[in-house]
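Have a look at the structure below, then the notes.
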2 protein chains.
Amino acid sequence: MKRSEISLVALRRILRATELYGRELARAAGLTPVQIRVLQVLDGPDILTPKAIAARMGVSQATMTTLIDRLVAKGLVERQRSETDRRQMNVRVTEAGRAALARAPDPLHDRYVSAFEALPDWEQAMIVAALERVAGLLDAGHLDASPVLDLGDLRKSP
Amino acid sequence: MKRSEISLVALRRILRATELYGRELARAAGLTPVQIRVLQVLDGPDILTPKAIAARMGVSQATMTTLIDRLVAKGLVERQRSETDRRQMNVRVTEAGRAALARAPDPLHDRYVSAFEALPDWEQAMIVAALERVAGLLDAGHLDASPVLDLGDLRKSP
DNA sequence: CGCTTTTTATTAGCCTATTGAAATTTCGCA
DNA sequence: TGCGAAATTTCAATAGGCTAATAAAAAGCG
């Protein structure tokens, strides 16, 4: 078997493990995987608009409206009309939202970090190099479909 | 930033790239990502039951029933009652299904293989080692939630 | 200034994915 | 023979996702 195939098999194992674990973790927190991802995106230092969140997650604006609707209904995020551009909404995580995030940590984080840090130094370095290389191979050329850097939509929190 | 965090960021880039690319590719083929995965699982040498497919994909049997319904409606798979145990159904890909798979190749495959094979030998080896290590870290301890090895449900094709 | 275009968000209508619980059929065995 | 277990399907409900249409505000521009 070619090494490219071997690496694909390993990649699929990674994808499958994270997907299954993410589902499990989400339902333990009473949320869905997508809802957790929205909260994670919102958890950063920036205040985001629905459009910006949608772009980061690669879904349409209409989809993001419904996702935000559900999170608002659960009290995990809140909408606030922008002062400077009244077409826009600012979406932010509430305290309850942050609490929910704390109970539903990153799907990868738990499982991965402690095992990683137990590895010898050289192996950690190798893994970082390899993962960054693979990520580069995979997401290069993807910027058209998903404008990750939509700086016009970023605003620093006050 | 700790190396564990750096590697998590790279992993998320990998996950995001493959997810977005998978959606894109699926809709180009007129299928959904999940439907493609079902076809891939069925494409192997074994004839599988709905239960076995569900176990491999980590979804419930009820979900698998509806997925198979849709694929049957499209003529991509067919059901056949098992002769030896008439409670069971055997699901197999049709010729049309194989053709659809050929038009909708593995989400990862396209993008990845040629770039990978252009890398120098040492780097290929490093990536394989690192990915297998990471996959091992992530999917260890997962066998309870998703019985990948459900040998009772496998049957060799005649 | 007033009109048109663009941008942002939402609504409406549709389909797919997913699940748990209940129903159906068949098997295996005491 | 009869009964519990197994495999699948059906049912009802929720969630995620899309496009197209709409509403509202901002930006351009003659």
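Proteins get letters first, then strands, A, B, ... in listed order; numbering begins at 1 in each. Computed from a predicted structure; not experimentally measured.
A 4.5 Å side-chain heavy-atom check between A:R133 and B:I127 finds at least one atom pair inside the cut-off. Put simply, the side chain of B:M64 reaches to within 4.5 Å of the side chain of B:L67, judged on heavy atoms.
Contact annotation: A:Q61 side-chain N/O to C:dT11 OP1/OP2 distance is not under 4.0 Å. For the pair A:R79 and C:dT10, the criterion of a side-chain N or O lying under 4.0 Å from OP1 or OP2 is met.
For B:L76 and C:dT16, the CG to C1' distance is 15 Å, given to the nearest whole Å. The separation between B:D85 atom CG and D:dT8 atom C1' is 11 Å, rounded to whole Å. Rounded to an integer number of Å, the gap from CE of B:M64 to C1' of D:dT9 is 14 Å. Atoms CD (A:E19) and P (D:dG16) sit 14 Å apart, rounded to a whole Å. In this entry the distance linking NZ of A:K74 with C1' of D:dT14 reads 10 Å, nearest Å. To the nearest angstrom, P of D:dA6 lies 12 Å from CD of B:Q88. Summarising the geometry, the separation between NZ on B:K51 and C1' on D:dT9 is reported as 14 Å, rounded to the nearest angstrom. Residue B:R81 contributes atom CZ, which lies 8 Å from atom P of D:dT8 at whole-angstrom precision.
Out of D:dT10, C:dT8, D:dG17, the shortest distance to the side chain of A:L67 is found at D:dG17. Listed nucleotides C:dT16, C:dT19, D:dT8 differ in distance to A:R23; the shortest reach to its side chain belongs to C:dT19. For A:A62, the side-chain atoms get nearest to D:dT19 when compared with the rest of D:dT19, D:dA26, C:dT18. Side-chain atoms of A:R27 lie closest to C:dT19 of the nucleotides C:dA9, C:dT19, D:dT9. The B:T32 side chain lies nearest to C:dA17 when the options are C:dT18, C:dA17, D:dA7. Side chain of B:T63, nearest nucleotide from D:dT8, C:dA9, C:dA17: C:dA17. Each of D:dA25, C:dA9, C:dT18 was ranked by its minimum atom distance to the side chain of B:R70; first place goes to C:dT18. Of the candidates D:dA5, D:dT8, C:dG20, D:dA5 carries the atom nearest the B:R87 side chain, counting heavy atoms from C-beta on. Of the candidates C:dT10, D:dT8, D:dT19, the closest approach to any side-chain atom of A:S60 belongs to D:dT19.
We find that A:E117 and B:R3 are not joined by a salt bridge, their nearest charged nitrogen and carboxylate oxygen being 4.0 Å or further apart. We find that A:D43 and A:R37 are not joined by a salt bridge, their nearest charged nitrogen and carboxylate oxygen being 4.0 Å or further apart.
A:V41 and B:V9 fall into different hydrophobic clusters, where Ile, Leu, Val, Met, Phe, Trp and Tyr side chains are chained together by heavy-atom contacts under 4.5 Å.
Remark: of the listed residues A:L76, A:I47, A:L42, A:L42 is the sole one forming a side-chain contact (heavy atoms from CB on, under 4.5 Å) with A:V93.
Toward the 5′ end of DNA chain D lies the nearest nucleotide of B:T65, the other residue of the pair B:T65 and A:V34 mapping further downstream.
Note on B:T66: a base of the nucleic acid sits closer than 4.0 angstrom, heavy atoms only.
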